[in-house]
Amino acid sequence: MARVVMHVDLDAFYASVEQLRRPELRGKPVIVGGSGVPGERGVVAAASYEARVFGVRSAMPLARARRLCREGIFVPCDFKAYRDASEQVFQILHGYSPLVEPMSLDEAYLDLTGSQALMGQPEPVAVRLRDEVKRSCGLDLSIGIATCKLVAKVASELRKPRGLVVVNAGGEAAFLRPLPISKLPGCGPSTIRRLEPLGVGTIGDLAALPELLLGELFGQYGRLLHAHARGIDPSPVMPPGDPKSISREVTFDQDVLDPPRLRETALALLQDVGHSLRGHGLAARTVAMKIRYYPFETHSCQATLTYPSDRDDELTQAFTRLLDEHLDQSRPVRLIGAGVSNLEARAVQLSLLESRAAERAALDDRLDALRERYGEQAIFRGTSNRPQQKDFRRDDIDHLAAERK
DNA sequence: TCTGGGGTCCTCAAGCTA
DNA sequence: TCTGTAGCTTGAGGACCC
Ligand SMILES: [Mg+2]
Ligand SMILES: [Mg+2]
């Protein structure tokens, strides 16, 4: 049975939240970005549709946005406000499907497969959802509905703002065909640059290329690209899981050539990382440092601990080593960051459970070594029988058990 | 115009080992 | 016993997303 996947995306989210709580900003070109410090280095996080008329776009340096839009109202980011608004919206989303995959504060996939009897046809469901979010949160959103996540996402982006686009089963490839490859999620500047010389401008052009060629050019991603261009994307809607990495970084308003200050800044960031790590009940095996030197050259390095840790002292020790080894003290630093990855659930208390698990793992290693030396059938765990092994004793037992019935 | 911050996933190379 | 290799881990960098 074909799936019913919905992609929901709030329109100009941060800017809309600002206009919602400050009515004087409504109908005006609002540009959200930075932290509000004059002269800071920052980019546009969101622009209201009134500002977009001037050519202002997300990810554009604020300095450029100011030149493009002299009458723009520049507002610093307030993530707490956006998080609060986002939570309200997600409350509503959960009323429409038990399976919601958040992609960011302003975006989510909902799996509506099999909900027709309960909820009705997908399109009227989408209209109700849109109206409910508007009524109770005051925010506009766009919706795409299709048989897979990829096509649903392209659909939701197509008629923003307040768009609703449904792509019926079987119509995926035809829907994508005329669109420029830039609309395909995952197809960014670098991929576009490499496809251009092949004469690929539209998703249809891309779909026409042999899978082998794409595999040759783009490796694993090439095969995915080939499927995506045809509207094929079997990836399931997944509930949120544990984070895979946690990091904090800052770009200085002016480049810094002062090792003690860099160190203090970085260690404060790392403590924040540690705090978040413990908040998630996780421990990290890898500690990482990121540095961006003047003018814009980024380096990263990482070290793996012998065992996972969530303790500031241990993380700090590893991080300090990275800093001492890798910081080039002669170069001005633009950005510094700290992070952890290779995360695992924190061991419960200190002990039994954990040390037993470790013992078991060590035992497995020894058994594997013996098997390598003496053959697969040589040895098994005390409690386990040889799988599939014809063993007359077992046959007898099985036979008796069957007769006893 | 001068390039944020928080993530995810991929690639490639090198070392290790089953 | 030696050799070859497949697969994992680690580390650096890059593309991409919002
Ligand atoms: Mg979005
Ligand atoms: Mg959005």
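Everything numeric in this text was worked out from a predicted model, so none of it was measured. Throughout, a chain's letter reflects where its sequence line sits, starting with A, and its residues are numbered from 1.
With C:dT10, B:dG4, C:dG13 as the candidates, the nucleotide lying closest to the side chain of A:Arg285 is C:dT10. Side-chain atoms of A:Ser245 lie closest to B:dT8 of the nucleotides C:dC18, B:dT8, C:dG13. Picking from B:dG4, B:dG6, B:dC2 the nucleotide with the shortest atom distance to the side chain of A:Pro61 gives B:dC2. Out of C:dC18, C:dA12, B:dT1, the shortest distance to the side chain of A:Arg64 is found at B:dT1. The side chain of A:Arg41 has B:dT3 as its nearest neighbour among B:dT3, B:dG7, B:dC10.
Evaluation of the side-chain hydrogen bond (donor to acceptor under 3.5 Å, both in side chains) test over residues 88-98 of chain A, restricted to residues two or more places apart or in two chains, returns A:Tyr96-A:Glu132.
The nearest whole Å value for the distance from the OH atom in A:Tyr14 to the P atom in C:dC18 is 11 Å. Across the protein-nucleic acid pair, A:Arg193 atom CZ and C:dC16 atom P stand 8 Å apart, rounded to whole Å. Whole-Å rounding puts the A:Gln302 CD to C:dG13 P distance at 10 Å. Atom P of nucleotide C:dC17 and atom CG of A:Asp9 are separated by 13 Å, given to the nearest angstrom. Distance, A:Tyr293 OH to C:dA12 P: 12 Å, rounded to whole Å. With rounding to whole Å, A:His280 atom NE2 is found 13 Å from B:dG6 atom P. One atom, CG of A:Asp233, and another, C1' of C:dC17, lie 15 Å apart when rounded to the nearest Å. When the P atom of C:dC16 is taken as reference, atom NZ of A:Lys244 falls 20 Å away, rounded to whole Å.
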Mind running side chain to side chain contact (heavy atoms under 4.5 Å, CB included) on A:Val75 and A:Val30 for me, showing each step along the way?
-> CA-CA 7 Å; A:Val75 180; A:Val30 173; 4.0 Å; yes
Output, in order, the C-alpha distance, side-chain angles, deciding distance and verdict of side chain to side chain contact (heavy atoms under 4.5 Å, CB included) for A:Ile203 and A:His228.
-> CA-CA 9 Å; A:Ile203 300 179; A:His228 283 182; over 6 Å; no
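Between the side chains of A:Glu18 and A:Tyr82, at least one donor-acceptor pair of N or O atoms lies under 3.5 Å.
Between A:Ile246 and A:Pro295, the residue anchored nearer the 5' end of DNA chain B, judged by the nucleotide with its closest heavy atom, is A:Pro295. If you find the closest nucleotide of DNA chain B to A:Cys77 and to A:Tyr221, the one lying nearer the 5' end belongs to A:Cys77.
Contact between the side-chain N/O atoms of A:Arg248 and the OP1/OP2 oxygens of B:dG7 is found at a separation under 4.0 Å.
Checking each of A:Val44, A:Leu105, A:Asp106 against A:Tyr14 for a side chain to side chain contact (heavy atoms under 4.5 Å, CB included) leaves exactly one that passes, namely A:Leu105.
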